[in-house]
Amino acid sequence: MNASKVVENLKQRFPNEPEYIQAVSQVLVTIEEEYNKHPEFDKANLIERLCIPDRVIEFRVSWVDDKGNVQTNMGYRIQHNNVIGPYKGGLRFHRSVNLGILKFLAFEQTFKNSLTTLPMGGAKGGSDFSPRGKSDAEVMRFCQAFMSELYRHIGPDVDVPAGDIGVGGREIGYLFGQYKKLTHEWSGILTGKGLEYGGSLIRPEATGYGNVYFLCEMLKTRNIDIKGKTILVSGSGNVAQYTTEKCIQLGAKVVTLSDSDGYIYDPNGITSEKLAFVMELKNIERGRIKEYADKFGVKYVSGARPWGEKADIALPSATQNEINGDAAKTLVANGIFAVSEGANMPSTPEAIKIFQNAKILYAPGKAANAGGVSVSGLEMSQNSERLSWSSAQVDKMLHEDIMMNIHENCVKYGTESDGYINYVKGANVAGFMKVAKAMMAQGIV
Ligand code: NDP
Ligand code: 2IT
């Protein structure tokens with residue numbers, strides 16, 4: 001394989017999908033060497049079959065808003081690859097959603113899920129519907145309309161969606177209710193469900209906690225303790241909230257949070273009480289992060305991201321391409337020594353180069369944020385067993401069986417001759433090899 005040729009070909013075939021091309025090219029350059037050690041892969045044109053999704057489902061969603069107007073949105077499900085298990089991945093509801101963004105996310109998910117050690121294929125879906133500013137009743141009607149089409153394409157052994165940006169417990173509940181109504185069947189069709197109806201303990205916490213567990217493993221390689229460190233977190237949704245909670249538990253100081261309007265800077269650190277305010281604000285009242293600054297009298301910067309503030313560690317937890325080259329330069333110049341991605345692809349290729357050239361600890365999302373989908377996998381297991389495990393049990397599996405194992409695999413495949421651990425290479429090669437071997441075993445299908 002010649003990685004740049006493959007990418008060029010995909011660019012021509014899918015010219016309007018820059019995020020998809022970005023994700024594919026990041027992976028191909030790092031696996032090229034390993035791939036070319038296996039001439040049987042190229043003979044089976046494995047790379048094209050792995051980059052292009054198995055199936056793209058695209059549909060119209062029509063629903064009625066509170067004023068009686070008929071609204072239409074687009075709905076999508078990308079079933080990327082199911083060689084190692086049923087398609088699995090979140091649903092994103094955000095006005096920016098388009099096919100290219102979901103294709104990048106489904107591609108990344110395939111490698112991430114391979115790394116988790118659990119039997120899950122890769123998928124992603126969603127809609128350009130934004131829950132922001134919508135009433136509960138509107139969100140419910142939208143979710144019902146969305147599921148009225150999606151239900152025929154998914155199933156507990158076929159494809160199991162979950163949450164992502166704009167899809168949390170409320171949306172999963174409405175989606176689940178409609179699936180059950182349509183099929184007359186209770187099954188573990190979605191993960192991230194409420195605890196009362198088949199959800200797993202620790203699923204809400206899993207992505208954020210998992211990222212901090214991964215960060216601690218990285219810090220260990222340099223004998224650094226997270227205790228007392230100052231941390232920049234972006235976002236203020238599910239991932240950001242539980243990242244902050246775990247950092248507080250471990251004695252670190254989180255000084256920023258953000259949303260799509262701006263960021264807050266709290267130099268004294270976000271305490272458990274202040275975090276409870278954020279959770280209420282974001283999950284119940286659905287307000288803006290600016291209200292944190294108003295309530296606690298700290299700095300709020302409108303229309304900006306938090307990367308200019310001084311700290312030791314950055315945990316981007318909002319969205320893709322939120323750290324560009326300039327932001328990365330600023331972070332490094334300010335003395336940041338670790339970046340671990342809670343979000344999917346938050347760093348641009350330029351930013352990644354800057355982190356790696358500076359030899360700081362840098363973990364890509366597909367390794368660092370794999371805790372969320374991992375506990376989704378554990379939720380599927382519990383649903384199949386008709387049992388629920390304790391939070392201590394799930395947390396231990398997340399920490400010791402999954403995140404530590406992913407870290408070990410990154411070290412195994414990513415350690416360079418000077419001892420620097422290239423986590424991007426490690427995660428991509430480890431994730432790829434498992435999928436590739438399974439694809440070879442299953443023939444040209
Ligand atoms: P939420 O919807 O709970 O929170 C998203 C947060 O990011 C909000 O604060 C939101 O602000 C902000 N945000 C969203 N889009 C933008 C944007 N374009 N610019 C600036 N800020 C933005 O989502 P999650 O916390 O679940 O997801 C955050 C990231 O983590 C995503 O990249 C997701 O793919 C990734 N992820 C999530 C997992 C999960 O289990 N939930 C698992 C693995 C990765 P606002 O309130 O203004 O919209
Ligand atoms: O990006 C992700 O890994 C998620 N949004 C979670 C997917 C899942 O199936 O739990």
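Positions are given from 1 along the sequence. Read the numbers this way: they start at 1 and go in the same order the structure lists the ligands and their atoms.
Nearest non-hydrogen protein atom to atom 47 (O) of ligand 1 is S260 OG, 2.4 Å. Atom 6 (C) of ligand 2 has as its closest protein heavy atom R203 NH2, 3.6 Å. Atom 4 (O) of ligand 1 has G237 CA, 3.3 Å as its closest protein atom, hydrogens excluded (heavy atom only). Among all protein heavy atoms, the one lying closest to atom 15 (N) of ligand 1 is H94 NE2, 3.7 Å. For atom 7 (C) of ligand 2, the nearest non-hydrogen atom of the protein is G90 N, 3.5 Å. At the top of the distance list for atom 3 (O) of ligand 1, counting protein heavy atoms only, stands N238 N, 2.9 Å. Counting protein heavy atoms only, atom 17 (C) of ligand 1 is closest to T319 CG2, 3.4 Å. For atom 9 (O) of ligand 2, the closest heavy atom belonging to the protein is K88 NZ, 2.7 Å. Of all protein heavy atoms, the one closest to atom 34 (O) of ligand 1 is D164 OD1, 2.6 Å.
Using bins of under 30°, 30° to 60° and over 60° for the plane-to-plane angle, the ring pair F142/F129 lands in the parallel bin. A perpendicular orientation is assigned to the rings of F214 and Y423, their planes being inclined by more than 60° (bins at 30° and 60°). Using cut-offs of 30° and 60° on the angle between ring planes, the pair Y213 and Y209 is perpendicular.
Taking every heavy atom of G235 and a limit of under 4.0 angstrom, the matching atoms of ligand 1 come to 9 (O). Residue I165 approaches ligand 1 through these ligand atoms, each under 4.0 Å from one of its heavy atoms: 2 (O), 23 (O), 27 (O), 31 (C). Every atom of ligand 1 is numbered from 1 in the order shown, and the set under 4.0 Å from a heavy atom of G166 is 2 (O). Near K112, meaning under 4.0 Å from any of its heavy atoms, are these atoms of ligand 2: 1 (O), 2 (C), 3 (O). Each of the following atoms of ligand 2 lies closer than 4.0 Å to a heavy atom of A162: 8 (C), 9 (O), 10 (O). Each of the atoms 45 (P), 46 (O), 47 (O) of ligand 1 lies under 4.0 Å from some heavy atom of R288. Taking every non-hydrogen atom of S317 and a distance limit under 4.0 Å, the qualifying atoms of ligand 1 come out as 28 (C), 29 (C). Distances below 4.0 Å separate heavy atoms of S258 from the following atoms of ligand 1: 9 (O). For ligand 1 and A343, the ligand atoms under 4.0 Å from any heavy atom of the residue are 29 (C), 30 (O), 32 (O), 35 (C). If you number the atoms of ligand 1 from 1 as listed, the ones under 4.0 Å from a heavy atom of T207 come out as 38 (C), 39 (C), 40 (O), 42 (C), 43 (C). Every atom of ligand 2 with a heavy atom of K124 under 4.0 Å away is listed here by number and element: 1 (O), 2 (C), 4 (C), 5 (N). Interface atoms of ligand 2 facing G163, defined by a heavy-atom separation under 4.0 Å, are 4 (C), 5 (N), 6 (C).
Evaluated by nearest non-hydrogen atom to atom 25 (O) of ligand 1, the leading choice among V239, V167, V278 is V239. The closest heavy-atom contact to atom 13 (N) of ligand 1, among the options S374, A318, G210, comes from A318.
Residue M345 places every heavy atom at 4.0 Å or more from ligand 1. The closest approach between R92 and ligand 2 stays at or above 4.0 Å for every heavy atom of the residue. Residue contact annotation: S96 has no non-hydrogen atom under 4.0 Å from ligand 1. Heavy atoms of S236 approach ligand 1 to within less than 4.0 angstrom. Using a 4.0 Å heavy-atom cutoff, R92 is listed among the residues neighbouring ligand 1. Within the 4.0 Å heavy-atom shell around ligand 1 one does not find Q241. Distances shorter than 4.0 angstrom do not occur between any heavy atom of G365 and any atom of ligand 2. The closest approach between a heavy atom of K282 and any atom of ligand 1 is below 4.0 Å.
Checking each of F104, F111, F107 against H80 for a ring-ring contact (aromatic ring centres under 6.0 Å, His included) leaves exactly one that passes, namely F107. Partner D266 forms a salt bridge (charged side-chain N to carboxylate O under 4.0 Å, His left out) with one of K295, K253, K274 and no other, that one being K274.
Looking at R305 against ligand 1, only its side chain comes within 4.0 Å, counting heavy atoms. Using a 4.0 Å cut-off between heavy atoms, A206 makes no contact with ligand 1 at all. In R203, the part holding a heavy atom less than 4.0 Å from any atom of ligand 1 is the side chain. When heavy-atom distances to ligand 2 are checked against a 4.0 Å cut-off, N344 comes that close only through its side chain, counted from C-beta outward.
Not a single N or O atom of V160, backbone or side chain, sits closer than 3.5 Å to an N or O atom of ligand 2. Distances between N or O atoms of K112 and those of ligand 1 include no value under 3.5 Å. Of the N or O atoms in S376, one or more lie within a sub-3.5 Å distance of an N or O in ligand 2.
A distance of 6.0 Å or more separates the ring centres of Y76 and F59. The aromatic ring centroids of F176 and W186 lie less than 6.0 Å from each other.
Residues Q356 and N422 have side chains that bring a donor and an acceptor to within less than 3.5 angstrom of each other. Checking E34 against Y413 by side-chain atom types alone, no donor-acceptor pair falls below 3.5 Å. At a cut-off of 3.5 Å, with distance as the only test, a side-chain donor of K193 or N383 sits close to an acceptor on the other residue. One side chain, Q22 or N321, offers a donor N or O that lies under 3.5 Å from an acceptor on the other. A donor-acceptor pair shorter than 3.5 Å cannot be found between the side chains of Q241 and S236. Using a 3.5 Å distance cut-off with no hydrogens or angles, the side chains of R305 and S258 do not pair a donor with an acceptor. At a cut-off of 3.5 Å, with distance as the only test, no side-chain donor of T110 or N81 sits close to an acceptor on the other residue.
Between D159 and K88, none of the side-chain N atoms (NZ, or NE/NH1/NH2) sits under 4.0 Å from a carboxylate O, so this pair counts as no salt bridge. Ion pairing between a basic and an acidic side chain is recognised when a charged N comes within 4.0 Å of a carboxylate O; D312 and K229 show no such pairing. Ion pairing of D66 with K134 is absent here, as no side-chain N (NZ or NE/NH1/NH2) approaches a carboxylate O to less than 4.0 Å.
At least one donor-acceptor pair closer than 3.5 Å links the side chain of K310 to the backbone N or O of N334. Side-chain atoms of Q109 do not come within 3.5 Å of backbone N or O of K124 as any donor-acceptor pair.
Stacking of K103 on the aromatic ring of F14 is recorded, both the 6.0 Å distance cut-off and the 45° axial limit being met.
Counted within 6.0 Å of CZ on R95, heavy atoms from surrounding residues, nucleotides or ligands total 12 or fewer; the atom is thus considered open.
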